[in-house]
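In this text, all values refer to a predicted model and were calculated from it rather than measured experimentally.
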Number of protein chains: 2
Amino acid sequence: MAMLSTKAGHDSHGQNSSYFFGWQEYEKNPYHPTQNPSGIIQMGLAENRVCYDFLDEWMENNPDALGLRKNGVSLFRELALFQDYHGLPAFKKALVESMEEIRGNKMKFEMNKLVLTAGATAANEILISCLADPGEAFLVPTPYYPGFDRDLKWRTEVQIIPIHCSSSNSFRITEAAMEEAMEQAQTLNLRVKGIMITNPSNPLGTTLSQKEIDSVVDFAIANAIHIVSDEIYSATVFEHPKFRTVMDPNLQKFPIWDRIHLVYSLSKDLGLPGFRVGMIYSNDLAVVDAATKMSSFCLVSSQTQYFVSQIVGDEKFRGNYMQEMKRRIRKRRLMLESSLRQGGVRCLKGNAGLFCWVDMRHLLKYPSFEEEMEIWKTILYEVGINISPGSSFHCSEPGWFRMCFANMEEHTFKVAMHRLKTFLNSTSSQRKILKTVNDQIQSRVCFSRRWR
Amino acid sequence: MAMLSTKAGHDSHGQNSSYFFGWQEYEKNPYHPTQNPSGIIQMGLAENRVCYDFLDEWMENNPDALGLRKNGVSLFRELALFQDYHGLPAFKKALVESMEEIRGNKMKFEMNKLVLTAGATAANEILISCLADPGEAFLVPTPYYPGFDRDLKWRTEVQIIPIHCSSSNSFRITEAAMEEAMEQAQTLNLRVKGIMITNPSNPLGTTLSQKEIDSVVDFAIANAIHIVSDEIYSATVFEHPKFRTVMDPNLQKFPIWDRIHLVYSLSKDLGLPGFRVGMIYSNDLAVVDAATKMSSFCLVSSQTQYFVSQIVGDEKFRGNYMQEMKRRIRKRRLMLESSLRQGGVRCLKGNAGLFCWVDMRHLLKYPSFEEEMEIWKTILYEVGINISPGSSFHCSEPGWFRMCFANMEEHTFKVAMHRLKTFLNSTSSQRKILKTVNDQIQSRVCFSRRWR
């Protein structure tokens, strides 16, 4: 008989994805301008390093924050002991104010509806645990973040049913696609408890349109299910259309209001993934209560709560930081788009996130995921850039890739752009030669066929 | 149909215990020497505040630790981004060295067998998740920490079968009691996957004897089950017999070695519950691997990892701190024992922990848990001290209470001792009067019976 649990014994964790494999390959041979100039450049990691100079400056002007002091008096003892799962009030106040600001100050977020967790990873798992039992299902539009297989499914034993979005309408969520997913769930005899959206989308780098939001809400009302919206990239929206959350105050008077739940974190918007600050915001107090209890398993360090409360609580800093971050992200994105365009490659039009969703379908010999992997390996090992293949995001069409642009210094980014252009241009030439050769072979085949 | 999950909808979390209720009552009316001198004094919280002056002094001499600097250079950016679930190597190195030292440097702990979690709460849940499936069981000697109902059972759906220990042998774990629990599991048709011990024990304040350890190991071998040992109080052992861990290097060559797993944290030994530093140490690399993956849901803040790596990594400080902490804990314990003794109350002989296991059975009118609650309420509301009733620890005998002594300033402790002595002496007088009255009634009853 098995000595370990089923979960420990089997590999349903989802870690064996090219998404994570690429990271491992990068770790073995990481690029460094002087020490390893031929190493791999990491463009598979959605980190936000573009505004650390702002954080540095703020910390220099506010040394008490890291030092755990207030007006020069140490709060160390108080913080060392603090483990109330409701969190530090000053921390939650700063967080809800920041969330309001990101959403254009159109609604009030209430501190007592916010649950703190050690990162969005835990927030997503806890929320799914509160909303669904093992064997029930959530609908998730593709392409979606590879970590969702771990966060939503692994320990909860909840199933993910993909809502297949396609390039034909720029991967927009449609009623038809949602209906199709619902039918699939019925075929599999799974009760659907909710739909999980990521807005802004990772990997698309787009925000949901009002039309998409309306159709998701209508669908959730019609099917009496929950909506979970992962909005961890909400402060990165750098261009119109502006960010719209599904938690629209106009819905407040309808029963759906209690079934809309948000996930947020400071890993992307503030560039602090190591500090593990995540949260759930729900209008259903029963969910808030259960999630708060579950947060005992993933409390945010009080040391970090205090530091972050000081920085996020600084309204003026927050405003400046967000404005400049958007400007810098936009600049990086335009540079990446330009490099790709020079190599004949286009991306999905985007207005948010720390990545582009890149269309390399024309580089595939055949439209297959095996071919996608071939291209990916070439870019990883020969070009020296780790990007993430669409298949790792459960994209239903081969040939799409996510390329992150905010996780590196400017000079590294320029090296990456140079490598990319060189590759695309040579590939483009090779493709032309290959096409000519293929055409010639083809005509010979045709010729020989005629003689058979 | 239910919109929420079974876990969110039902209250199987174990929070409705007098253990937690006492905390709530304390929060409503907390003692303060000047602002609320008649408030409740908290003796129901196993915090360790006795050596904060040591931590203060260390931080004063090492400002770079909180400031996230090394030799004056900021590590902020690096740490802000660090989220490898294997943890900071310097942090793990400091932790294993400290664990070795606490166990008398008799064995080497290996960094690659250590998994970091946001507190022991998460460590316990993850370990149980790795070792048992829903519906399987763990045996746990009573009295045990009330939080185990949440940590071991709630989300894992693993069952706890109590091993009933009794005052007749100072609550020692016996083979007979383990066998009886195993039989109960069989009656309930539950597969037992392991035994969970707490060493040093919370609430007993004792370390396991070699005889107990041997019988637990023999029992685990005979039944082919795991041993989980929660050793979060291991540095508090202030008196002989010295601390012995079940992870005895002599077992290394036997198959049981891979089935021994430790849980540790810095919440008690270093007094940092707010910083959420917990860990699992296992000899089974499959458990280490699965637990590491699960730790994605409860990573320790990198800010905290760095700070703690500096303080725990300071070998000289560590030695001095532990020595002085033991001395101060012992002193507090002796003061509490003395106060109790003056009121005619004894505790279980103890050599570890931040609490005494107090025998108030003689204060109960009848040996019942209802009477235990009456005494508890009297002490809470009339005497103004929150202690924890034995029933909240699943103790099978009414009349035992846990009293914590290391979570308050010296002056508060003295007030508590004064209140306690006054109460016990008046109770003692009342009991004497009551006894006299009862005796008189009894003789009249006897007299009148004779005449009936």
Side-chain angles (χ1 to χ4, degrees), chain A residues 1 3-9 13 15 47 49 52 55-56 59 63 66-68 74 76-77 79-83 118-119 121-122 125 129-133 136 150 155 191 193 224 226 259 267 271-276 284 286-287 290-291 293-294 296-304 307, chain B residues 1 3-9 13 15 47 49 52 55-56 59 63 66-68 74 76-77 79-83 118-119 121-122 125 129-133 136 150 155 191 193 224 226 259 267 271-276 284 286-287 290-291 293-294 296-304 307:
Chain A
M1 280 202 289
M3 281 308 298
L4 304 187
S5 68
T6 314
K7 278 186 196 73
H13 170 263
Q15 196 176 248
E47 281 176 352
R49 301 193 196 188
Y52 275 160
L55 296 177
D56 285 341
M59 287 187 289
L66 271 186
L68 309 184
S74 172
F76 179 81
R77 294 180 182 206
L79 290 169
L81 292 171
F82 183 85
Q83 57 168 328
T121 302
E125 189 192 53
S129 290
C130 288
L131 304 179
D133 278 320
E136 294 185 330
R150 172 196 62 205
R155 299 202 303 182
R191 180 180 173 199
K193 288 299 277 289
H226 294 273
R259 300 204 309 273
S267 299
L272 298 178
F275 284 20
R276 311 313 297 145
D284 183 342
V287 170
K293 286 174 182 165
M294 291 188 192
S296 293
F297 299 108
C298 58
L299 297 181
V300 181
S301 165
S302 56
Q303 184 191 4
T304 295
F307 170 70
Chain B
M1 280 203 289
M3 281 308 298
L4 304 187
S5 68
T6 314
K7 278 186 196 72
H13 170 266
Q15 195 176 248
E47 282 176 353
R49 300 193 195 187
Y52 276 158
L55 296 177
D56 285 340
M59 286 187 289
L66 271 185
L68 308 184
S74 174
F76 179 81
R77 293 178 183 208
L79 290 169
L81 292 170
F82 184 85
Q83 57 168 327
T121 302
E125 189 192 54
S129 290
C130 288
L131 304 179
D133 279 320
E136 295 185 328
R150 172 195 62 204
R155 297 202 304 181
R191 181 181 173 199
K193 287 298 277 289
H226 295 275
R259 299 204 309 272
S267 299
L272 299 177
F275 284 20
R276 310 313 297 147
D284 183 343
V287 171
K293 286 173 182 166
M294 291 189 192
S296 293
F297 300 107
C298 57
L299 296 181
V300 181
S301 165
S302 56
Q303 184 190 4
T304 295
F307 170 70

Could you tell me which of [options] has the largest number of non-hydrogen atom pairs under 4.5 Å with chain A?
| options | result |
| --- | --- |
| B:Phe307, B:Phe82, B:Phe297, B:Tyr52 | B:Phe297 |
| B:Glu136, B:Arg259, B:Lys193 | B:Lys193 |
| B:His226, B:Gln83, B:Glu47, B:Glu125 | B:Glu125 |
| B:Asp133, B:Thr121, B:Leu272, B:Val300 | B:Asp133 |
| B:Ala122, B:Cys130, B:Ala290 | B:Cys130 |

Who among A:Arg49, A:Arg77, A:Met59 has the most heavy-atom pairs with chain B under 4.5 Å?
-> A:Arg77

Partners passing side chain to side chain contact (heavy atoms under 4.5 Å, CB included) against B:Asp284 (at least two apart in sequence or in another chain) = A:Leu4, B:Asp258, B:His261, B:Ser282, B:Ala286, B:Val287

Separation between CZ of B:Phe275 and CG of A:Leu81, rounded to the nearest 0.5 Å | 9.5 Å

Quick one: pull up OG in B:Ser296 and CZ in A:Arg276 and give me the separation to the nearest 0.5 Å.
-> 8.0 Å

Region of B:Arg155 in contact with chain A, defined by heavy-atom distances below 4.5 Å | side chain

Is it the side chain or the backbone of A:Phe76 that comes within 4.5 Å of chain B heavy atoms, both, or neither?
-> side chain

Which heavy-atom pair separates A:Leu66 from B:Gly67 by the least distance, and what is that distance?
-> CD1-O, 3.6 Å

Who passes side chain to side chain donor-acceptor pair (under 3.5 Å) against A:Thr304, sequence neighbours left out?
-> B:Ser301, B:Gln303

